[in-house]
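What follows is a set of notes on a single structure, which appears directly below.
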Amino acid sequence: MSGVEDLDRHFREAVAGLRSAARAAGPLDSRTALDLFDAQLESRHTDAAARWMQQQGRGYYTIGSSGHEGNAALALALRPTDPALLHYRSGAFYCARARQAGGVDAVRDMLLGVAAGAEEPIAGGRHKVYGRRELAVVPQTSTIASHLPRAVGVAWSIARAKRLGTECAWPADAVVCCSFGDASVNHSTAAGAINSACHAAYQGLPMPILFVCEDNGLGISVPTPPDWVRRAYGNRPALAYFAADGCDPQAAYDTAREAVAHVRKHRQPAFLHLSMVRFLGHAGSDAEAAYRMPSDVAADLRRDPLLATARLLTAAGVLSPQQILERYDEVGARVFGVAKEALESEPLTTATQIAAAIAPRRTELVAAAARRTSEASAAPVGEPVTVAQAITHTLADLLGSNPEMVVFGEDVGRKGGVYGLTRGLQRRFGTARVFDTLLDEQAILGLALGAGLSGLLPVAEIQYLAYLHNAEDQLRGEAATLQFFSQGQYRNPLVVRIAGYGYQRGFGGHFHNDNAVGVLRDIPGLVIASPSRPDDAAAMLRTCVAAAKVDGTVSAFLEPIALYHNRDLHEDGDNAWLTAYPPAAQHVPIGRARTYGTGTDLTLVTFGNGLRISLRAARRLEQQGIGCRVVDLRWLAPLPVDDLLREAHATGRVLVVDETRRTGGVSEGVVTALIDAGFTGAVRRVTSVDSFVPLGQAAQLVLVSEDDVERAAGELLPGGR
């Protein structure tokens with residue numbers, strides 16, 4: 001078999017050889033069997049249409065579902081209100097779900113996605129995904145099982161929302177369906193997500209998720225070892241295992257119903273292992289002849305799920321072979337008619353149109369939400385606090401104001417976090433709202449993504465910036481893309497608190513002094529907050545939580561560990577780093593900087609620990625007659641460009657003090673912003689070295705210092721002052 005025509009010819013010839021039977025009660029009722037068959041036919045013909053559209057120059061996606069049409073039985077075993085996060089070979093599932101719910105033309109949805117048409121109802125032509133809010137199908141790219149941690153978070157959230165008395169996006173007895181391929185099951189993301197579901201269920205926590213492995217025996221060209229999936233997942237604690245031939249409609253439907261019923265009744269996870277085949281290669285460009293034997297392809301053809309359903313229908317007397325072929329042609333004609341219409345659909349035409357769904361910003365509504373606080377707040381407004389104390393008080397205020405808010409991460413519960421910032425919150429607000437997770441950053445972020453998607457307001461903690469890199473794709477590939485792929489129909493409001501940066505005393509080394517934020521800065525729509533002073537920490541955290549609630553914003557809240565408990569600025573005991581805890585009305589708009597001083601000789605632009613370094617260096621420079629102003633960026637994305645330009649023009653000379661690295665550091669973005677805006681003054685930057693941070697005193701050799709700032713300032717000023 002080399003292509004669509006061969007697959008079509010084999011089906012026709014095989015059906016023509018079937019024999020009709022006297023009408024009798026079939027194992028599937030006739031209506032369900034016909035719905036299943038029609039969904040399979042729609043999916044198969046849509047694959048053919050997608051390849052035809054590619055030949056016409058207007059088809060951009062050819063990863064098809066041919067051979068996986070047995071997942072239509074899975075859809076019919078579920079309810080149309082059960083949230084589904086699907087594998088990219090889920091065409092028949094999507095068609096069957098649309099038939100269940102009614103009012104949705106699944107074929108049109110899929111082919112507009114293939115054509116990247118702006119009218120496509122979920123992603124608006126931005127990507128070919130399966131998704132519809134009306135169908136409870138959440139759009140996913142499903143690459144390397146990246147959607148599994150979120151699916152676990154959705155399952156966890158159903159019971160937790162009920163326990164908290166907050167509204168959930170899903171019915172209280174819903175089952176979360178999450179499907180993936182046999183190659184993806186080996187990825188650390190899948191292994192971690194399934195483990196986290198089992199870990200929760202083992203402790204008795206409700207976890208109503210059905211993991212569905214659609215096993216076609218191939219990872220593009222690499223065979224999956226026979227029986228590997230069963231061996232790996234068939235005997236896991238707290239994970240019920242079900243298996244069936246996914247090409248047999250009766251077996252697939254019966255086993256799927258059994259698995260769904262188990263999850264729905266026991267609120268515990270299950271693993272449904274469906275054996276599939278794959279036709280037409282991995283995608284349009286995949287030449288299977290290079291790595292598959294003809295005998296293997298022939299064996300798969302004999303298992304064609306469409307042919308198996310046709311046999312069932314004829315054996316039960318529901319349809320004759322001739323009626324099967326007539327139905328096949330009728331659906332094919334309709335699908336190709338929709339394909340022709342999709343060829344004429346309007347594509348996205350402007351960059352503004354494309355990016356509109358990434359990160360909406362309703363600043364006035366965010367400001368209003370940020371100013372609200374609990375009337376029962378116990379925060380000491382006006383009293384001097386450290387950065388750590390400011391964050392603790394603000395978390396308490398926010399938990400008191402937002403009953404749907406949850407705070408979690410490793411060690412945040414009884415211990416109160418590595419640095420004590422969540423101490424006392426669990427005792428005050430309960431274990432349902434402030435709790436520990438297992439040690440897995442992907443699981444922590446996946447839990448947050450599922451919670452936000454389901455109606456909760458998650459504030460997750462990652463212990464150290466270096467640990468975020470283990471799970472950064474959950475922000476890049478999942479959190480930041482959801483509104484992009486759904487035109488804002490789905491969103492995952494989220495604040496991720498991350499302890500980071502260098503300069504720790506007595507607890508050093510790279511993993512606890514990571515200064516790399518480049519992986520965050522290039523994620524479209526991600527807000528990066530970087531407070532330095534206690535009052536800013538409180539006000540900016542309010543803003544991030546408000547933006548999550550109002551706009552579904554995803555924020556990384558970078559907390560400078562070295563400044564958590566710092567009290568002094570210039571001399572020991574001056575308490576000049578303390579600030580008054582700000583009243584509820586005070587917040588910091590996203591993308592606004594803060595300026596210290598009014599000097600006219602030099603503008604120091606900085607953030608994080610760099611603010612304390614720059615303020616100390618500015619004092620030394622002022623003693624030499626050099627007047628400085630220090631700009632704390634506060635937001636690393638979006639950069640406060642307007643404030644930056646104003647303060648740059650005030651002196652005509654800018655020195656960027658960047659504690660991140662010279663390559664990929666924040667200063668690159670600052671300098672570029674100045675140049676793009678036409679700034680013609682002098683610009684220089686002083687940064688940390690392109691190195692990991694070593695242990696002990698050696699760290700000072702690679703991190704930017706006050707001496708570095710003073711020296712660079714002297715070189716930048718006229719005459720090398």
Side-chain angles (χ1 to χ4, degrees), residues 79-85 122 131-140 147 149-178 196-197 200 205-209 264 267 357 359-360 362 365-366 369-370 372 374 395 398-409 429-435 437 443-460 474-475 478-483 485-496 544-555:
R79 298 173 184 168
T81 53
D82 288 329
L85 296 85
I122 189 69
R132 266 273 191 169
R133 191 167 185 85
E134 303 96 308
L135 303 181
V137 176
V138 182
Q140 305 291 319
H147 59 308
R150 183 204 295 276
V152 173
V154 172
W156 172 87
S157 300
I158 293 171
R160 189 55 55 102
K162 181 179 180 181
R163 181 176 173 184
L164 297 179
T166 62
E167 186 176 351
C168 182
W170 325 109
D173 65 345
V175 169
V176 178
C177 177
C178 179
S196 66
L205 296 176
M207 184 54 64
I209 185 168
R264 201 179 305 278
R267 314 309 288 165
R362 292 179 289 179
L365 292 178
V366 170
R372 298 191 194 104
S374 172
L395 287 171
L398 291 167
L399 283 163
S401 304
N402 301 283
E404 76 277 26
M405 179 172 153
V406 287
V407 173
F408 54 88
F429 295 99
T431 57
R433 300 189 65 197
V434 181
F435 54 90
T437 64
I444 292 170
L445 293 180
L447 181 67
L449 297 183
L453 176 65
S454 300
L456 298 177
L457 185 57
V459 177
Q474 288 297 303
L475 293 181
E478 294 295 317
T481 60
L482 184 60
Q483 295 204 82
F485 286 149
S486 69
Q487 303 181 90
Q489 297 171 66
Y490 285 112
R491 55 186 220 170
N492 36 222
L494 169 60
V495 178
V496 187
C544 289
V545 170
K549 191 167 184 174
V550 171
D551 290 328
T553 300
V554 178
S555 298

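The first residue of the sequence shown is numbered 1, and numbering continues consecutively from there. Because the structure is predicted, anything quoted here is derived from the model rather than measured.
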Less than 4.5 Å apart, side chain to side chain, heavy atoms only: is that true for [X] and [Y]?
X      : Y      : value
Val459 : Val406 : no
Ile209 : Val175 : no
Ile158 : Pro208 : yes
Pro149 : Gln474 : yes
Leu494 : Leu475 : yes

*Test log, rule side-chain contact (heavy atoms from CB on, under 4.5 Å), inputs Val154 and Val138*: CA-CA 11 Å; Val154 172; Val138 182; over 6 Å; no
*Please collect all side chain to side chain donor-acceptor pair (under 3.5 Å) contacts where either partner lies in residues 153-162, sequence neighbours excluded, each pair once.*
none
To the nearest 0.5 Å, tell me how far [X] [atom1] sits from [Y] [atom2].
X      : Y      : atom1 : atom2 : answer
Ile444 : Thr437 : CD1   : OG1   : 3.5 Å
His147 : Leu449 : NE2   : CG    : 13.0 Å
Asn492 : Gln483 : CG    : CD    : 7.0 Å

Give me the atom names and distance for the closest heavy-atom approach of [X] to [Y].
X      : Y      : result
Met207 : Ala155 : SD-CB, 3.6 Å
Ala161 : Cys168 : CB-CB, 3.7 Å
Ala136 : Pro80  : CB-O, 3.7 Å

*Under the ring-ring contact (aromatic ring centres under 6.0 Å, His included) test, residues paired with Tyr490 that sit two or more places apart*: none
_Pairing residues for Phe408 by the ring-ring contact (aromatic ring centres under 6.0 Å, His included) criterion, not counting sequence neighbours_ = Phe435
*Starting from the C-alpha separation in whole Å, work towards a yes-or-no answer on side-chain contact (heavy atoms from CB on, under 4.5 Å) for Arg433 and Val407.*
CA-CA 6 Å; Arg433 300 189 65 197; Val407 173; over 6 Å; no
*Would you please test Val176 and Asp82 for side-chain contact (heavy atoms from CB on, under 4.5 Å) and show each step?*
CA-CA 6 Å; Val176 178; Asp82 288 329; over 6 Å; no
_Pairing residues for Ser454 by the side-chain hydrogen bond (donor to acceptor under 3.5 Å, both in side chains) criterion, not counting sequence neighbours_ = Trp170
_Could you work out, with side-chain hydrogen bond (donor to acceptor under 3.5 Å, both in side chains) as the rule, every residue matching Glu404, not counting sequence neighbours?_
Lys549
With sequence neighbours left out, what residues match [X] under salt bridge (charged side-chain N to carboxylate O under 4.0 Å, His left out)?
X      : answer
Glu134 : Arg132
Arg79  : Asp173
Arg362 : Asp551

*In chain order, what residues pass the side chain to side chain contact (heavy atoms under 4.5 Å, CB included) check against Gln489, with sequence neighbours excluded?*
Ile122, Arg133, Ser486, Gln487
*With sequence neighbours left out, what residues match Ala546 under side chain to side chain contact (heavy atoms under 4.5 Å, CB included)?*
Val366, Ala369, Ala370
*Begin with the C-alpha distance, continue with both residues' side-chain angles, and end with the deciding distance and a verdict on side-chain contact (heavy atoms from CB on, under 4.5 Å) for Leu456 and Leu164.*
CA-CA 10 Å; Leu456 298 177; Leu164 297 179; 4.2 Å; yes
*Apply the side chain to side chain contact (heavy atoms under 4.5 Å, CB included) test between Arg150 and each candidate in Leu85, Leu445, Leu447; give the one that qualifies.*
Leu85
*asked:* Show me the pairs that pass salt bridge (charged side-chain N to carboxylate O under 4.0 Å, His left out) and involve residues 486-495, at least two apart or across chains.
replied: none
